[in-house]
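Only one structure is covered here, and it is reproduced in the block below.
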Amino acid sequence: QVQLVESGGGLVQAGGSLRLSCAASERTFKNYAMGWFRQAPGKEREFVATISRSGTIRNHADSVKGRFTISRDNAQNTVYLQMNSLTHEDTAVYYCAARPEAAISTYDREYDYWGQGTQVTVAS
């Protein structure tokens with residue numbers, strides 16, 4: 001069972017940048033497609049980005065496309081989310097998730113393992 005630990009969240013001014021990291025305990029990390037999701041207060045959890053096991057296939061939500069980039073380093077068992085041009089609407093708890101499949105997914109129900117989340121607050 002893989003354990004996921006997010007880091008890198010915090011308070012940032014609108015227009016600023018943050019890079020989130022998600023470290024996995026599992027040495028077979030390369031066998032998992034990974035995703036980032038977020039949940040704002042009073043809202044449902046929503047898809048942000050996903051990346052295939054090899055890192056060659058990526059998908060980003062329309063709301064973050066061109067601003068956020070998902071990447072991974074299989075040697076470090078870590079997935080990243082680079083967030084640029086942040087706005088107040090990006091304020092949320094961000095979660096990384098893993099699924100032991102080759103295919104990426106934008107559906108949270110298709111992920112088996114979740115981190116505890118990291119808070120991102122963007123001051124307007």
Search all heavy atoms of [X] against all heavy atoms of [Y] and return the closest pair with its distance.
| X | Y | answer |
| --- | --- | --- |
| Leu81 | Ala49 | CD1-CB, 4.2 Å |
| Gln116 | Val5 | OE1-CA, 3.8 Å |
| Ala98 | Met34 | CB-SD, 3.5 Å |
| Gly117 | Val93 | CA-CG1, 3.8 Å |
| Met83 | Val120 | CE-CG2, 3.9 Å |
| Gln39 | Lys43 | NE2-O, 3.1 Å |

So the disulfide (SG to SG under 2.5 Å) pairs with at least one residue in residues 72-105 (sequence neighbours excluded) are Cys22-Cys96
We want to know whether [X] and [Y] form a side-chain donor-acceptor pair, criterion being a heavy-atom distance below 3.5 angstrom.
| X | Y | result |
| --- | --- | --- |
| Gln119 | Thr121 | yes |
| Tyr107 | Thr50 | no |
| Gln76 | Asn74 | no |

Keeping [X] on the side-chain end and [Y] on the backbone end, is there a donor-acceptor pair under 3.5 Å?
| X | Y | result |
| --- | --- | --- |
| His88 | Ala14 | no |
| Thr78 | Ala23 | no |
| Ser52 | Ile57 | yes |
| Arg99 | Glu110 | yes |

Provide the full list of salt bridge (Lys or Arg N to Asp or Glu O under 4.0 Å) pairs with a residue in residues 3-18, sequence neighbours left out, each pair given once. none
Would you give the length of the straight line joining atom CG of Asn84 to atom CZ of Arg19, rounded to the nearest 0.5 angstrom? 11.5 Å
Enter the distance from Ser54:OG to Lys30:NZ here, rounded to the nearest 0.5 Å. 12.0 Å
Between Tyr32 and Leu4, is there shared hydrophobic-cluster membership here, with clusters defined by ILVMFWY side-chain heavy atoms closer than 4.5 Å? yes
What residues, two or more places apart in sequence or in another chain, satisfy side chain to side chain donor-acceptor pair (under 3.5 Å) together with Glu101? none
Partners passing side chain to side chain donor-acceptor pair (under 3.5 Å) against Ser85 (at least two apart in sequence or in another chain): none
Parallel, tilted or perpendicular for Phe47 and Phe37, by the 30°/60° rule? perpendicular
Not counting sequence neighbours, which residues clear ring-ring contact (aromatic ring centres under 6.0 Å, His included) with Tyr113? List them please. none
In the hydrophobic clustering (ILVMFWY, side-chain contacts below 4.5 Å, transitive), which residues join Tyr80, or is it alone? none
On the six-membered ring of Phe29, is Arg72 placed so that its NZ or CZ lies under 6.0 angstrom from the centre and within 45° of the ring axis? yes
